[in-house]
4 protein chains.
Amino acid sequence: MQVTARSVTSTARRAQILDATIALVAEEGFGKATFARIAEKAGLSSTRLISYHFAGKDDLVTALVDHVITGIGEHVGGRVMAETTARGRLRAYIEGVVTYADAHRAPMSALLQVAMSATADGGTSAPSDTSHLERILEDGQRQGEMRDFDAGVMATTVQRAVEVVPFRLQAEPDLDCTAYAAELIELFDRATRADA
Amino acid sequence: MQVTARSVTSTARRAQILDATIALVAEEGFGKATFARIAEKAGLSSTRLISYHFAGKDDLVTALVDHVITGIGEHVGGRVMAETTARGRLRAYIEGVVTYADAHRAPMSALLQVAMSATADGGTSAPSDTSHLERILEDGQRQGEMRDFDAGVMATTVQRAVEVVPFRLQAEPDLDCTAYAAELIELFDRATRADA
Amino acid sequence: MQVTARSVTSTARRAQILDATIALVAEEGFGKATFARIAEKAGLSSTRLISYHFAGKDDLVTALVDHVITGIGEHVGGRVMAETTARGRLRAYIEGVVTYADAHRAPMSALLQVAMSATADGGTSAPSDTSHLERILEDGQRQGEMRDFDAGVMATTVQRAVEVVPFRLQAEPDLDCTAYAAELIELFDRATRADA
Amino acid sequence: MQVTARSVTSTARRAQILDATIALVAEEGFGKATFARIAEKAGLSSTRLISYHFAGKDDLVTALVDHVITGIGEHVGGRVMAETTARGRLRAYIEGVVTYADAHRAPMSALLQVAMSATADGGTSAPSDTSHLERILEDGQRQGEMRDFDAGVMATTVQRAVEVVPFRLQAEPDLDCTAYAAELIELFDRATRADA
DNA sequence: CATGAATGAGCGTTCATTCAT
DNA sequence: TATGAATGAACGCTCATTCAT
């Protein structure tokens, strides 16, 4: 069992700062997420409070990413594992990520903007981890449910397809995500399933 | 018809600055593309020359985007129009963009990094224009070559699928783009074609 | 007579903080000796404990200086007083300080770095107290053991000569301090003694 | 022949900034020599001008050290070389440095404060270069003018003796440097000369 | 006696841009 | 057409210190 080394107050302050950062990044982009603006958004007296609770900007960003990814994992992981077939798992993954993006717009948007900015700054492309998706697809191929394709290419394409949803939601807040997910599910089912 | 008032010297200088910017963004990311670094890369004595030839950073970025998109359009447009069927045009589009990304890595990488940074800074998502793809897909549906799907979702998914190639090339410079294109072509042909 | 109101626990804590500060200054310089680093070195949970036991940074530094100077005084004072001639006392002083610097490297180094930083920050030169040395030299002149020279200049020069040892020890940890002291003793004996 | 790569204006501005820095360090210590204060002292509109003309604080400090050391070298070097004996050269060196410290108080004081602060910050002792002094002393020993002593110890002691003058001048602006130099000359002549 | 939390001022540095030739 | 010089705002971060418990 894990024992938290952080006090209650500290945890609350960190959450407050994290929430403000997520909201800010989602609304105005990562480029505008300076300590000054975060402090303002969170209602802090000075930026010093951020430096106090996080080792630096990198630490804050890392915490943000961890926080959001944990949330997604909890939402999507269960749904995927509840399925017994590879085609079912792929369907559950797509539906899970899209509905999460719909229900938690700010965190999802923030996560992707942070990932993009990391790519832009360092020059090193930091694409999303697709190993879990590849495993599902390779399982499907082994079980004969899915045809023979390059699992890496397919996984990347699926991931890119679901990751675009937050950006479309920003432009079209009333986007029907249920329908969007259904379209993607049909698309990738046809693209992956074994010939009859 | 509009005649540009730009002299030969000016045009050459603009091209020199643009090329340096493209190379810099492709190599080190948009975040590192400051006027100082661009001037250094282009061998200019001071950043003043950039401000002189471009109205500002926005203007420089806009010029970069226009320049690269024009190049892509020339490469891809012809190939697409040479095809007579919608399925053929979709295939030509995918193959065209992927081979362009392979043959012109720096401009393509720069373009996408700029697009990403614009999204990150302004908060306004600026997704790629997919209207041309949508038109191809809707044609295919009208002609009965393609099944009934949401053309917007499909177009976005195709576009996202091809746009990832520059990032994968950065991580894997020896990536087999011909095979990658073939995988995507098969993927989206299955996803879009009408049932037999 | 003044009785200190400090408890045993408080005294121990002060010593712990002082020792950590001395070690830190000796190893990394006064500039790196921030409250945060001292707390880390001493194994304290927060910097608050330092502020609690010392009125402020000035007080901490003053305590450090007093502590080290007392130690030197105990080491050197006895040796000097054991001598009966001025020449003997000068010899004992030089040997005492140099051997102390050799045996107690951290405190001696810390003391001098603190003195230097005080000079650098305030602009007020705070040279070491040389009145004890001057008294020895003037005694020697009165007794005819030493020639006629400016006792202030000579005292300052002796003091500067012995104070450099900690810095040379930092660069050359294997420096032969016994030989170094012998060289200085011969040097200043020749410089001060009365002509035969 | 050396061609200066710096423009007249730039050289003048650098000198202006350097002079202000020297004065500031001499008067208030290196710790107070922030960009803000230097800009104020030099009458600059913003600290940005300092960053513009110097690559950073390190560069500014390096330029200061080079500038002052060059000045000392010009003053002392000629006097030393004009002497033909080792004893004469040692005398000229001591007299040269002390009179320079008297005539150019601010630069000399600034130089030493900078050296001290470098020691304090990095923990690495950066003692003055004494190789030139050692060479004079070893020459004297070879020629039989000087007795057998450790040239390194003697050189360090001489250097420390002359370097203290700026600090004493700060406490005692009316100090008689001519007399001070004469005392040191007699002191080190006795300490070094061969027995009759 | 001890401590986590909070604070505002200040640091060097970077930025795109404008001024004056 | 070109250029060196200059600019002020903003950046993340560190500092010794104080508050409340």
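Atom set for the values below is all heavy atoms of this structure, side chains included, hydrogens, waters and symmetry mates excluded. Chain identifiers are assigned alphabetically (A, B, ...) following the order of the sequence lines, protein sequences preceding nucleic acid strands; residue numbering begins at 1 within each chain.
Here the shortest heavy-atom pairing between A:Phe35 and A:Ile50 reads O-CD1, 3.5 Å. Of all the heavy atoms in C:Leu112 and C:Pro166, the pair that sits closest is CD1-CG, 3.3 Å.
A donor-acceptor pair is defined here as one N or O able to donate and one able to accept, closer than 3.5 Å; no such pair exists between the side chain of B:Glu28 and the backbone of B:Ala33. Side-chain atoms of D:Arg14 come within 3.5 Å of backbone atoms of D:His53 as a donor-acceptor pair (strictly under, hydrogens ignored). For D:Ser109 (side chain) and D:Arg105 (main-chain N/O), no donor-acceptor pair under 3.5 Å exists by modelled atom type.
Look at E:dG10: its Watson-Crick or wobble partner, with both distances under 3.5 angstrom, is F:dC13. Across all strands shown, F:dA2 is found opposite E:dT21 as a Watson-Crick or G-U wobble partner, with both distances under 3.5 Å.
The nearest whole Å value for the distance from the CG atom in A:Asp58 to the P atom in F:dC11 is 17 Å. The interatomic distance linking C:Ile38 (CD1) with F:dT14 (C1') rounds to 14 Å, in whole Å. The separation between B:Lys57 atom NZ and E:dT14 atom P is 15 Å, rounded to whole Å. Atom CZ of A:Arg14 is separated from atom P of E:dA6 by 13 Å (rounded to the nearest Å). For the pair C:Lys32 NZ and F:dT14 P, the computed distance is 13 Å after rounding to whole Å. For D:Asp59 and E:dT14, the CG to C1' distance is 16 Å, given to the nearest whole Å. D:Leu49 has its CG atom 12 Å from the C1' atom of F:dG8, to the nearest Å. The CD atom of A:Glu40 sits 13 Å away from the P atom of F:dG12 (whole-angstrom rounding).
Note on C:Ser46: a base of the nucleic acid sits closer than 4.0 angstrom, heavy atoms only.
You'll find that the side chain of A:Tyr52 is closest to E:dT7, out of F:dA16, E:dT7, F:dG4. Taking every side-chain heavy atom of A:Ser7 into account, E:dA5 is the closest of F:dA16, E:dT7, E:dA5. The nucleotide whose nearest atom lies closest to any side-chain atom of B:Arg13 is, among E:dC11, E:dG8, F:dT3, F:dT3.
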Shorter than 3.5 Å, N or O on both sides, protein versus nucleotides 18-21 of chain F: list them out with atom names.
unit_1, atom_1, unit_2, atom_2, d
F:dC19, N4, C:Arg48, NE, 2.4

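Annotation: of the two residues near DNA chain E, C:Ser45 and D:Ala36, the 5′-most nearest-nucleotide partner is C:Ser45. When each of C:Leu44 and D:Phe35 is assigned the nucleotide of DNA chain E with its nearest heavy atom, C:Leu44 is the one assigned upstream, toward the 5' end.
B:Glu27 pairs in a side chain to side chain donor-acceptor pair (under 3.5 Å) with only one of the listed residues (B:Lys32, B:Lys41, B:Gln170), which is B:Lys41.
Atom OG1 of A:Thr21 is separated from atom NZ of A:Lys57 by 9.0 Å, given to the nearest 0.5 angstrom.
Phosphate contact (OP1/OP2 of E:dG4, side-chain N/O of A:His53, threshold under 4.0 Å): absent.
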